[in-house]
Amino acid sequence: MRTATLGPAQRAESLASMAERELDVLVVGGGVVGAGTALDAATRGLSTGLVEARDWASGTSSRSSKLIHGGLRYLEMLDFALVREALKERGLLLERLAPHLVRPVPFLYPLQHKGWERLYAGSGVALYDAMAMARGHGRGLPLHRHLSRRHALRVAPCLKKDALVGALQYYDAQMDDARFVATLVRTAAAYGAKVANRARVTGFLREGERVVGARVQDVEGGGEYEVRARQVVNATGVWTDDTQAMVGERGQFHVRASKGIHLVVPKDRIHSTTGLILRTEKSVLFVIPWGRHWIVGTTDTDWDLDKAHPAASSADIDYLLEHVNSVLAVPLTRDDVEGVYAGLRPLLAGESDATSKLSREHTVAHPVPGLVVVAGGKYTTYRVMAKDAVDAAVHGLDVRVADCVTEETPLVGAEGYRALWNARARIAARTGLHTVRVEHLLHRYGAMAEEVLDLIASDPSLGEPLQAADDYLRAEIAYAASHEGARHLDDVLTRRTRISIETFDRGTRSAREAAELMAPVLGWDEDQIDREVQHYEKRVEAERESQRQPDDLTADAARLGAPDIVPL
């Protein structure tokens, strides 16, 4: 299928087009659920618009544990329906929808008690595998296995000998969450959706009680548009209540934010061939393989401060280090931490005060005519949430609309990916790139890697790696601005790539080179390049300062020291 290009011209055309004629569905919120909803609506033949106040996936959807998983711990809570649903979605993503973006990842669960724990935990993991296989969506993932202590220490030599008496190993899946959302948006656009990031909804249009559209401010150009739509879907995650307040309706439920932080450390700091999953007194802790790095997370604490830039405090970092060091033979220190990121889970408020016990189920409501609200849920089940949201919107349209087809609709880059993967050595020989570079591109873009290679063919200097972040090619920076909707340096270093968390300098040494690669695409002059670099450096310093603070209040105040960038 043809792929959509999300460059500056396409964004301007989308905004103008949305304002020209009434849409069937306008989706507000460019995270995974909003992007998925736009794709669902567009593939049912509905005229669809999608707007996001900041960048695609700039909130929760770029700050997760980057796992596509069934939720093994929900089995312990006896939430079989949620696990069954998530396992089905995991299988669809691995096998059909996004094999270029989602791949298997192994986890080792250390056992600390003889006898009963192996039986108890082993039964849970066996049920997990059986539920996946029963629906025919377990293919492609090895089954779990029981390991002796000696075998477990061969697989994960990093563990203290007295930290386990044996282990279980099982498989889940992982992806780059922000890249996944950008790909969802491009897929929706390829099927006709009009999409625009940095387009903020400032209010809703009303006719009597009915919502008939939204006022949308172009944060980049400064203009304001009236976008009329027969149905509006509020998919704004932790901002759900704020968005609802614009229509004077809080709705039938309340969304609370739970903060989770993650640390990124170099691969050589933890000697293991597998990820780890550890129990804590509140939840579980993951050590997740991530290219040449490990991701360690997460925490689960209530958060009622700034939603746009949740801050990790010194106490959060200490908590993770303390818990992971309880099982590591060679402990991690602050000096080992390359990156830190914090995200907010949108949880439906329940009766319990403990955020880890709030609902991970999702809810769809129709609080006033013309407005659908979708909230809660988990990343893995975004497609089901999107389907339910569009079903509700279709109910309000009062016309016959086709059923959901996203279960059979691969994301752009999936079609032809496996054939290109098989031909990767030949592609390397043709382009002059190392095979490892070609594999890197295929894992990030799938079949769309050919578009990146075309840029390199027209300008061989783009085939060189970034000087201070050599995992990434210069072409990927230009491509992010020309094809993937990146509008600012922060978008590229934080979401289109992960340089901001994968380098000890947090991307500051790559900032100017990246800005200069983006400049010709976005029409920046030297002054704008300087502003982008200075803003990024201030953001990094504010984050570093917040991570030195003892608690949430002081960390939040420090992080807010760096304002959001607005073009001049």
Side-chain angles (χ1 to χ4, degrees), residues 63-67 69 71-73 76 105-113 117 121 147 149 152-172 174 258-301 310-343 345 355-356 498 501-504 506 543-544 546-548 550-551 555:
R63 307 178 192 195
S64 73
S65 295
K66 318 206 185 311
L67 294 176
H69 63 120
L72 186 57
R73 72 190 179 104
E76 197 170 27
V105 59
F107 285 103
L108 191 78
Y109 176 68
L111 300 170
Q112 296 175 317
H113 306 278
E117 190 181 16
L147 306 180
R149 180 165 73 169
L153 290 170
R154 278 206 308 273
V155 171
C158 60
L159 294 172
K160 293 177 181 173
K161 289 186 174 59
D162 60 0
L164 71 165
V165 296
L168 296 167
Q169 188 173 49
Y170 74 98
Y171 280 76
D172 256 319
Q174 73 174 162
S258 161
K259 183 178 73 168
I261 83 143
H262 296 80
L263 311 179
V264 182
V265 301
K267 194 78 167 183
D268 63 5
R269 302 306 197 271
I270 300 175
H271 190 195
S272 177
T273 60
T274 178
L276 305 173
I277 177 172
L278 312 169
R279 273 192 178 279
T280 71
E281 65 277 8
K282 296 177 184 174
S283 184
V284 293
L285 187 74
F286 286 103
V287 179
I288 305 163
W290 181 254
R292 296 200 295 173
H293 317 267
W294 297 97
I295 294 174
V296 180
T298 180
T299 58
D300 198 345
T301 54
S313 69
S314 182
D316 291 327
I317 296 169
D318 287 343
Y319 173 87
L320 287 182
L321 290 176
E322 178 188 342
H323 279 80
V324 75
N325 284 341
S326 69
V327 300
L328 294 181
V330 179
L332 298 174
T333 70
R334 287 287 186 111
D335 291 340
D336 295 318
V337 177
E338 291 174 289
V340 181
Y341 64 94
R345 303 174 190 87
T355 59
S356 59
R498 293 307 186 146
I501 58 172
E502 292 176 348
T503 57
F504 280 105
R506 309 277 173 99
E543 286 186 348
R544 286 190 188 278
S546 71
Q547 290 153 22
R548 290 189 279 265
D551 54 43

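Values below: every heavy atom of this structure, side chains too, minus hydrogens, waters and symmetry copies.
Side-chain polar atoms of T503 and E338 form no donor-acceptor pair below 3.5 angstrom. Residues D551 and S313 bring no donor and acceptor atom of their side chains to less than 3.5 Å of each other. Under the 3.5 Å distance criterion, with hydrogens and angles disregarded, a donor-acceptor pair is assigned to the side chains of R334 and S314.
Side-chain atoms of H262 and T298, non-hydrogen and from C-beta on, do get closer than 4.5 Å to each other. In this structure the side chain of I501 never reaches within 4.5 angstrom of the side chain of V340, judged on heavy atoms. L159 has its side chain within reach of L276: a pair of non-hydrogen atoms, C-beta onward, lies under 4.5 Å apart. Between L332 and R269 there is a side-chain heavy-atom pair separated by less than 4.5 Å. The closest side-chain heavy-atom distance from T301 to S258 is not below 4.5 Å. Within the 4.5 Å cutoff, the side chain of L285 has heavy atoms near those of the L320 side chain. Residues F504 and P266 are in side-chain contact: their nearest non-hydrogen atoms beyond the backbone lie under 4.5 Å apart. Taking 4.5 Å as the limit, some side-chain heavy atom of L147 sits within range of a side-chain heavy atom of L108.
Note: S65 OG to I288 CD1 = 4.5 Å, rounded to the nearest 0.5 Å. Rounded to the nearest 0.5 angstrom, I317 CD1 and E322 CD are separated by 14.0 Å. Put simply, OH on Y170 and NE2 on H69 are 8.5 Å apart, with the number rounded to the nearest 0.5 Å. Separation of atoms CG (L111) and CD (E117) is listed at 5.0 Å; rounding is to 0.5 Å. Atom CG of residue L321 and atom CG of residue L263 lie 5.5 Å apart, to the nearest 0.5 angstrom. From D316, atom CG reaches atom CD of Q547 across 9.5 Å, with rounding to the nearest 0.5 Å.
In terms of heavy atoms, T299 sits closest to I261 at OG1-N, 3.0 Å. For the residue pair I277 and F107, the shortest heavy atom distance occurs at CG2-CB, 4.3 Å. The minimum heavy-atom distance between A163 and Q112, with the atom names listed, is O-CG, 3.4 Å. Closest approach of P157 and H271 over heavy atoms only: CD-O, 3.2 Å. In plain terms, the two heavy atoms of R149 and L164 that are nearest each other are CD-O, 2.9 Å. The two residues R544 and R506 have their closest heavy-atom pair at NH2-CG, 3.2 Å.
The backbone N or O of T274 lies less than 3.5 Å from a partner atom in the side chain of S272, making a donor-acceptor pair. A donor-acceptor pair is defined here as one N or O able to donate and one able to accept, closer than 3.5 Å; such a pair exists between the side chain of W294 and the backbone of K267. Distance alone, capped at 3.5 Å, places no donor-acceptor pair between the R279 side chain and the V284 backbone.
By the 6.0 Å and 45° rule, K259 does not stack over the aromatic ring of Y341.
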Taking it one step at a time, do V296 and V324 satisfy side chain to side chain contact (heavy atoms under 4.5 Å, CB included)? CA-CA 8 Å; V296 180; V324 75; 4.2 Å; yes
Test log, rule side chain to side chain contact (heavy atoms under 4.5 Å, CB included), inputs K66 and W290: CA-CA 9 Å; K66 318 206 185 311; W290 181 254; 3.4 Å; yes
